[in-house]
Amino acid sequence: MQRILSTELARHTGETVTVAGWVHRRRLLKSVAFLIVRDAAGLTQVVVTEPEVRAVIETLGEESVIELTGTVTANPAAPAGVELTAPALLRILNAVSVPLPFDLHRPALTATLPTQLDHAALSLRHPGRAGALRIAAAATAGFRAALEQRRFVEIHTPKIVASTSESSVRSGVVAGRSDGESGANVFALDYFGRPAYLAQSPQFYKQLMVGVFERVYEVGPVFRAEPHDTARHLAQYTSLDAELGFIADHRDVMAVLTEVVATMTATVAERTGTAVPKVPAEIPALHFAEALRIAGAPADEPDLAPAHERALGEWALREHGSEFVFVTGYPMRKRPFYTHPQPSDPVWSNSFDLLFRGLELVTGGQRLHRYADYEAALAARGESAEAYRGYLDAFRYGMPPHGGFAIGLERFVARLTGAANVREVTAFPRDLHRVTP
């Protein structure tokens, strides 16, 4: 008999079916026992009145893996409106006899976050933790779908790179801020006896691939050896990157990003039933100087602090009814060397951040595309062009005006779910203190 998932049971009312999964919870009453079986799709309630089946169930610990048959019976109070009656236990696939470090059947895990992370293989089975990972999967699918519809080609770039210059280039994704091309915040490794580094961003590669496909994207890990110990930072996270050519300026990139985020949220709602915010057709935008004023920050502040981001999120919601807001025109001195300056005033840049519910979610902008401009930008920062030779050579051969963005997946999911810490929505987080399990 073919196994039926919990979400499919309602279509088999009155039939005898086979289900299999984990013992999520047992309720042993005097005359009846209730067994909740969890599978990848959800929960099935099994009503046990048969003494021989009950006797076996009483010996099983939670998270034991079982297979049983029963009759699908309507019950509006049960999950999905049906339950299994007259069950027959077919097989115990794996019995658990040890006590669990925490209960999985409660609506929310009561264990501390470090305890959950120490026992990730178990805590991720909780419907809430697993649900966050499903949201991440749906958001990624939406990201891919939105870009595929717009002629973007998926690429896969190296995560092991030869120099700190290549690794530490700042795409301005969401893992923190530094001026950095110094290489001090990269992970070094021994690559067959010579030094190599884990890439902080696919920035160089996705720019070069604009010269091949015009529009490219990538979903992949990035690595930041920055000693942050906050609820918003990870040493490894998933970056959703995109780059597109033949743009007028950064506003073309912002328009594409708006459409992408709208598709991501719609896909999450469709696939998971999660309540998502409305993405305006035109997200409100502020120049950096105006953002400082609204946030109550000093006019010479070089960047937005978390408190400023929260203030801007509150302003956007109050004034525009939007949970998203763009901040454009960051100072050039706080943006990477490849950022295109604002033509009317080169103190500012053709760059942007997208804030979501008061938190930086995306950074992007227009890039330089002429070789001479790169030479001048590096010289102005006291950087050697030789360190970037493999990257710069592409611009000798003709690159169109282009720009792009990168979304931090874990931050996006944390904001959607209301999680206070990105580790709550990350399967196996890596941070300042944790490299296990």
Side-chain angles (χ1 to χ4, degrees), residues 40-41 120 124-125 127-159 171-175 199-203 205-206 209 213 215-224 232-244 253-254 256-279 283 323-324 354-357 359-364 404-419 421-430:
L124 291 174
R125 298 180 184 183
R129 293 292 307 275
L133 301 184
R134 286 192 179 277
I135 290 172
T140 304
F143 174 78
R144 282 190 165 103
L147 294 174
E148 291 284 347
Q149 292 169 3
R150 291 165 177 80
R151 283 199 305 114
F152 284 74
V153 177
E154 184 168 10
I155 59 174
H156 305 280
T157 65
K159 303 309 168 200
S171 65
V173 197
V174 297
Q200 284 197 335
S201 164
Q203 182 64 43
Y205 294 104
K206 66 177 184 174
M209 292 303 291
F213 295 122
R215 297 182 165 206
V216 296
Y217 73 91
E218 180 171 17
V219 177
V222 294
F223 304 89
R224 299 287 167 89
R232 60 194 278 174
H233 290 99
L234 294 169
Q236 175 185 328
Y237 63 93
T238 303
S239 185
L240 311 181
D241 278 86
E243 200 81 10
L244 59 150
V253 181
M254 291 162 62
V256 171
L257 173 60
T258 299
E259 296 169 348
V260 168
V261 173
T263 302
M264 290 172 65
T265 56
T267 306
V268 168
E270 177 186 349
R271 295 194 179 191
T272 71
T274 303
V276 298
K278 176 178 174 56
V279 180
I283 294 174
E323 298 193 74
F324 298 88
L354 177 62
L355 310 185
F356 176 27
R357 292 176 173 168
L359 178 71
E360 177 201 331
L361 175 68
V362 185
T363 290
F405 59 84
I407 304 171
L409 178 61
E410 290 83 356
R411 282 197 185 180
F412 181 69
V413 177
R415 265 355 214 183
L416 279 181
T417 61
N421 193 311
V422 292
R423 292 157 185 79
E424 297 176 42
V425 298
T426 307
F428 303 101
R430 296 292 179 256

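Rounding to the nearest 0.5 Å gives a distance of 11.5 Å between CE of M209 and CD of E154. Distance check, rounded to the nearest 0.5 Å: CZ of F324 to CG of L354 gives 6.5 Å. In this structure, I135 CD1 and T265 OG1 are separated by 12.0 Å, a value rounded to the nearest 0.5 Å. In this structure, NE2 on H233 lies 11.5 Å from CG on N421, to the nearest 0.5 angstrom. Note: R357 CZ to R411 CZ = 15.5 Å, rounded to the nearest 0.5 Å. L147 CG to M264 CE: the interatomic distance, rounded to the nearest 0.5 Å, is 9.5 Å.
Smallest separation of non-hydrogen atoms from E243 and G404: OE1-CA, 3.3 Å. Scanning all heavy atoms of the two residues, the minimum distance from K159 to P202 falls at NZ-CB, 4.2 Å. Residues A406 and S239 share a closest heavy-atom pair of CB-OG, 3.6 Å. When all heavy atoms are compared, the tightest approach of P221 to Q236 is CB-NE2, 3.9 Å. Between R224 and S201, the closest heavy-atom pair is NH2-CB, 4.2 Å. Smallest separation of non-hydrogen atoms from A141 and R271: CB-NH1, 3.4 Å.
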Worked check of side-chain contact (heavy atoms from CB on, under 4.5 Å) between R232 and L359: CA-CA 9 Å; R232 60 194 278 174; L359 178 71; 3.3 Å; yes
Verdict with supporting geometry, R430 and E410, salt bridge (Lys or Arg N to Asp or Glu O under 4.0 Å): CA-CA 12 Å; R430 296 292 179 256; E410 290 83 356; over 6 Å; no
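At least one side-chain heavy atom of L244 sits under 4.5 Å from a side-chain heavy atom of F152. Q200 has its side chain out of reach of V222: every pair of non-hydrogen atoms, C-beta onward, lies at least 4.5 Å apart. The closest side-chain heavy-atom distance from E148 to Y217 is below 4.5 Å. In this structure the side chain of Y237 never reaches within 4.5 angstrom of the side chain of V422, judged on heavy atoms. Residues V216 and Y205 fail the side-chain proximity criterion, which asks for heavy atoms closer than 4.5 Å. Contact check for L409 versus F143: no side-chain heavy atoms found under the 4.5 Å cut-off.
The number of heavy-atom neighbours closer than 6.0 Å to CD of E270, taken from other residues, nucleotides and ligands shown, is 12 or below. Residue R134 qualifies as open at atom CZ: its count of foreign heavy atoms under 6.0 Å is 12 or below.
Side chain of E218 to backbone of K206: no donor-acceptor contact under 3.5 angstrom is found.
The pair E259-R150 counts as a salt bridge, with a side-chain nitrogen and a carboxylate oxygen less than 4.0 angstrom apart.
Checked against I407 for a side chain to side chain contact (heavy atoms under 4.5 Å, CB included), the options L257, T238, V219, T140 give a single hit: L257.
Between F412 and F356, the angle of the ring planes lies from 30° to 60°, which puts this pair in the tilted group.
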